[in-house]
Amino acid sequence: MLLEVRHVTQYHYAANVRESVMELWMQPHKGARQRLVSFELELDPPAQLFSYADAFGNAVYHFDVPQPHDRLNILARSAVETQPTAALPDALDLGEWDRLKSDFVRGENFDFLHHHGFAVESQALSAFVRDSGIDQLRVRDPLSALRELSAIIYRSFAYEPGVTDAESPIDLALNAKRGVCQDFAHIMIAICRSWGIPARYVSGYLFTDRKGGDRSDPDATHAWVEVFLPSLRWVGLDPTNNVEAGERHIAAAVGRDYNDVPPSRGVYKGEAESQLAVGVSVRRAKAALTEPEFIRVAQPSFNRGGRRRGPPGSLKYDQQQQQQQ
């Protein structure tokens with residue numbers, strides 16, 4: 001499936017700010033399941049783009065707008081060719097639980113086995129697991145248990161933007177019984193890790209099929225979960241829509257939780273209040289696209305480097321980031 005993504009991010013400030021420093025996790029992955037045909041970034045005000053690969057292999061672009069400005073517009077355009085995923089078996093043997101305990105699996109997936117950030121255990125999560133009978137799923141094989149876990153999360157929570165925000169702990173969605181894909185992914189990841197199954201957060205886009213039952217917002221970014229099963233490697237599950245990740249899913253970045261891979265994150269220098277507007281469009285490409293000779297912004301150098309940080313704290317900085325929907 002050949003898909004086009006248009007992702008617009010607009011920051012508006014009540015008065016001029018003196019500088020903005022931003023990082024972007026918007027470039028789709030390159031891999032066997034999806035081919036990156038093209039990727040473009042347009043910035044207003046214009047700025048020089050730099051890039052690096054983070055600790056999880058994601059392409060990160062960063063830039064600095066050093067002059068006064070009262071707005072910051074970021075437009076990312078992507079064209080991606082996705083492939084259908086191979087059909088998963090109906091079940092695995094129960095020995096998969098033992099394979100998950102191997103030193104190799106645990107060593108290779110250390111970062112995705114330990115609770116971190118938003119994907120953590122809490123009293124509210126323990127109550128949800130108990131009341132939903134989730135721990136009883138572990139008598140099944142891991143694949144069957146994970147499919148049913150995704151279905152339980154889907155049935156237990158309503159999809160409703162605005163109940164939570166980018167900084168909300170999972171307890172807010174657990175208590176309200178509603179939230180967005182960011183919340184559902186964090187809840188599922190926390191449970192998977194408590195079972196000893198490596199799980200990672202996937203940030204990206206979805207070609208939404210409302211007629212097919214998708215409930216996620218077609219005008220927003222998307223998030224789902226990938227779990228590591230030794231017999232199958234990484235398997236994508238989307239608890240927001242109760243489907244397996246397939247050719248309609250476009251992965252842009254993976255991390256331990258949302259905070260590792262927000263679509264955009266940065267700081268600005270100034271006292272003005274800021275407002276954020278985001279628009280996303282994912283559609284089928286109208287015509288065949290060919291591989292470009294180069295991508296219009298610098299390719300990630302894949303040098304292991306630290307994140308670019310704002311200037312010292314002697315001046316006031318306000319953090320701004322985009323909520324995953």
Side-chain angles (χ1 to χ4, degrees), residues 1-8 24-41 51-61 75-88 109 112 150 181-182 185 189 198-209 212 214 216-229 232-241 243-255 258 260-264 280-302 324-325:
M1 182 180 294
L2 192 58
L3 299 172
E4 294 178 335
V5 181
R6 189 175 186 270
H7 184 169
V8 180
L24 309 175
W25 284 259
M26 294 182 179
Q27 178 178 301
H29 276 181
K30 303 175 185 178
R33 194 188 66 79
Q34 64 180 42
R35 181 175 70 95
L36 180 60
V37 178
S38 64
F39 178 69
E40 304 173 12
L41 277 172
S51 60
Y52 67 93
D54 66 14
F56 304 108
N58 304 306
V60 186
Y61 291 92
L75 171 59
R77 294 192 186 93
S78 308
V80 181
E81 184 178 23
T82 62
Q83 302 294 331
T85 54
L88 296 176
N109 299 286
F112 305 119
S150 178
C181 61
Q182 173 181 332
I189 288 170
R200 63 190 184 187
Y201 184 98
V202 187
S203 172
Y205 307 96
L206 176 67
F207 180 47
T208 305
D209 181 6
D214 289 347
S216 49
D217 189 345
D219 299 320
T221 54
H222 192 51
W224 60 98
V225 178
E226 285 185 345
V227 293
F228 185 87
L229 298 173
L232 301 172
R233 308 298 292 176
W234 289 103
V235 175
L237 297 169
D238 183 351
T240 301
N241 300 304
V243 295
E244 296 171 5
E247 62 180 336
R248 295 188 296 112
H249 291 75
I250 299 173
V254 298
Y258 165 81
D260 279 340
V261 289
S264 63
V280 173
S281 171
V282 183
R283 62 183 184 182
R284 285 184 179 270
K286 295 182 178 179
L289 299 172
T290 58
E291 187 78 39
E293 293 182 2
F294 60 90
I295 292 179
R296 295 191 186 181
V297 293
Q299 289 282 2
S301 58
F302 292 93
Q324 186 85 286
Q325 297 291 345

Task: Side-chain heavy atoms of Val37 within contact of Leu2, under 4.5 Å - done: yes

Task: Test item: Leu206 and Asn241 side chains (from C-beta on) under 4.5 Å apart, heavy atoms - done: yes

Task: Candidate pair Val5 and Arg283, rule side chain to side chain contact (heavy atoms under 4.5 Å, CB included), full reasoning - done: CA-CA 7 Å; Val5 181; Arg283 62 183 184 182; over 6 Å; no

Task: Leu24 versus Ser264, closest heavy-atom pair with distance - done: CD2-CB, 3.7 Å

Task: Shortest non-hydrogen contact from Gln27 toward Phe39 - done: OE1-CD2, 3.5 Å

TODO: Please report the C-alpha distance between Val202 and Val225 in whole Å, then the side-chain angles of each, then the deciding distance to 0.1 Å, and finally whether the side chain to side chain contact (heavy atoms under 4.5 Å, CB included) criterion is met.
DONE: CA-CA 6 Å; Val202 187; Val225 178; over 6 Å; no

Task: Contacts of type side-chain contact (heavy atoms from CB on, under 4.5 Å), residue Ser150, not counting sequence neighbours - done: Met188, Pro239, Asn242

Task: CE-CG distance between Met26 and Leu75, expressed to the nearest 0.5 angstrom - done: 9.5 Å

TODO: Quick one: closest heavy-atom pair of Pro262 and Asp260, and the distance?
DONE: CD-C, 3.6 Å

- [ ] Give me the ring orientation class for Phe56 and Phe112: parallel if the planes are under 30° apart, tilted from 30 to 60°, perpendicular past 60°.
- [x] tilted

Open item on the list: Holding to ring-ring contact (aromatic ring centres under 6.0 Å, His included), I want the full list of residues that pass it with Phe228, two or more places apart in sequence or in another chain.
Closed with: Trp234

- [ ] Taking the side chain as every heavy atom from C-beta outward, state whether His249 and Thr85 have any pair of such atoms under 4.5 Å apart.
- [x] no

Open item on the list: Test of understanding: with side chain to side chain donor-acceptor pair (under 3.5 Å), list the residues that count as partners of Asp214, not counting sequence neighbours.
Closed with: Arg248

Task: Check: Gln34 side chain, Ala251 main-chain N or O, donor-acceptor pair, under 3.5 Å - done: yes

TODO: Work out which heavy atom in His222 is nearest to a heavy atom in Cys181; give both atom names and the distance.
DONE: ND1-SG, 3.7 Å

TODO: State which residues pass side chain to side chain donor-acceptor pair (under 3.5 Å) with Glu244; sequence neighbours excluded, sorted by chain then number.
DONE: Arg147

Open item on the list: Please give me the minimum heavy-atom distance between Ala199 and Val227, naming the atom from each residue.
Closed with: CB-CG1, 4.1 Å

- [ ] Using a 4.5 Å cut-off on heavy atoms from C-beta on, say whether the side chain of Ser78 contacts that of Pro28.
- [x] yes

Open item on the list: Quick check: closest heavy atoms across Thr208 and Pro218, and the distance to 0.1 Å?
Closed with: OG1-CA, 3.5 Å

Open item on the list: Less than 4.5 Å apart, side chain to side chain, heavy atoms only: is that true for Arg77 and Glu4?
Closed with: no

Task: Phe207 and its side-chain contact (heavy atoms from CB on, under 4.5 Å) partner, picked from Ile250, Thr82, Leu3 - done: Leu3

Open item on the list: For Trp25, is there any backbone N or O sitting under 3.5 Å from a side-chain donor or acceptor partner on Asn58?
Closed with: no

TODO: Report yes if the side chains of Leu237 and Trp224 come closer than 4.5 Å at any heavy-atom pair, otherwise no.
DONE: no

- [ ] Answer whether the closest heavy-atom distance between the side chains of Tyr205 and Thr221 falls below 4.5 Å.
- [x] yes

Open item on the list: I'd like to check the salt bridge (charged side-chain N to carboxylate O under 4.0 Å, His left out) partners of Arg33; sequence neighbours left out, ordered by chain and number.
Closed with: none

Task: Contacts of type salt bridge (charged side-chain N to carboxylate O under 4.0 Å, His left out), residue Arg6, not counting sequence neighbours - done: none

Open item on the list: Could you measure the distance from the OG1 atom of Thr240 to the CG atom of Asp217? Nearest 0.5 Å is fine.
Closed with: 11.5 Å

TODO: Compare all side-chain heavy atoms of Leu41 with those of Tyr61 and state whether any distance is below 4.5 angstrom.
DONE: yes

